[in-house]
Undergrad: 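The structure under discussion is supplied below as structure tokens; questions concerning it will follow.
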Amino acid sequence: MGIEAGEVLPLERMVLNDNVIFFAATGITSGDLLKGITRQGNVATSETLLISGKSRTIRRIQSIHYLDRKDAALHPFIL
């Protein structure tokens, strides 16, 4: 892609048009905007908010994470 590792890119090289996600947030603790992460056994749920630039589409994504299926390197932190 013509990009060197460690190169600092100006915004104009990273984003060529407004067809991008310009806001993304995942709730860690519950608040007015997003639900926080919950866990029951080896299953966790999270909620993420995405807003796209061009269409101004707003997406709320509820994810289910099966913790025992995550990379083994993460197991000491999540199981």
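In this chain, numbering begins with 1 at the start of the sequence shown. What you are looking at is a predicted structure, and each value in this text was computed from that prediction instead of being measured.
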Undergrad: Might you confirm whether atom CD of Glu7 has over 12 heavy atoms from other residues, nucleotides or ligands at distances under 6.0 Å?
TA: yes
Undergrad: When rounded to the nearest 0.5 angstrom, what distance separates CD in Glu4 from CG in Leu9?
TA: 10.5 Å
Undergrad: Tell me the closest heavy-atom pair linking Ser30 and Gly36, and the distance in Å.
TA: OG-N, 2.8 Å
Undergrad: Sequence neighbours excluded, which residues qualify as side-chain contact (heavy atoms from CB on, under 4.5 Å) partners of Ser63?
TA: Ser46, Ile61, His65
Undergrad: Taking only residues two or more places apart in sequence, or in another chain, which ones meet Ser55 in a side-chain contact (heavy atoms from CB on, under 4.5 Å)?
TA: Ser52, Thr57
Undergrad: Whether the side chain of Glu47 engages the backbone of Lys35 through a donor-acceptor N/O pair (distance < 3.5 Å, no angle test) should be reported.
TA: yes
Undergrad: How many angstroms lie between atom CG of Leu50 and atom OG1 of Thr26, to the nearest 0.5 angstrom?
TA: 7.5 Å
Undergrad: Nearest 0.5 Å please: distance from the CG atom of Asp68 over to the CG atom of Asn42.
TA: 4.5 Å
Undergrad: Quick one: hydrophobic cluster around Phe23, which other residues, with the 4.5 Å side-chain cut-off, linked directly or via members?
TA: Phe22, Leu33, Leu34, Leu49, Ile51, Ile58
Undergrad: Got a second to check how far Thr45's OG1 is from Arg39's CZ, nearest 0.5 Å?
TA: 11.5 Å
Undergrad: Taking all non-hydrogen atoms of both residues into account, name the closest pair between Ile37 and Ala44 and its distance.
TA: CG2-CB, 4.4 Å
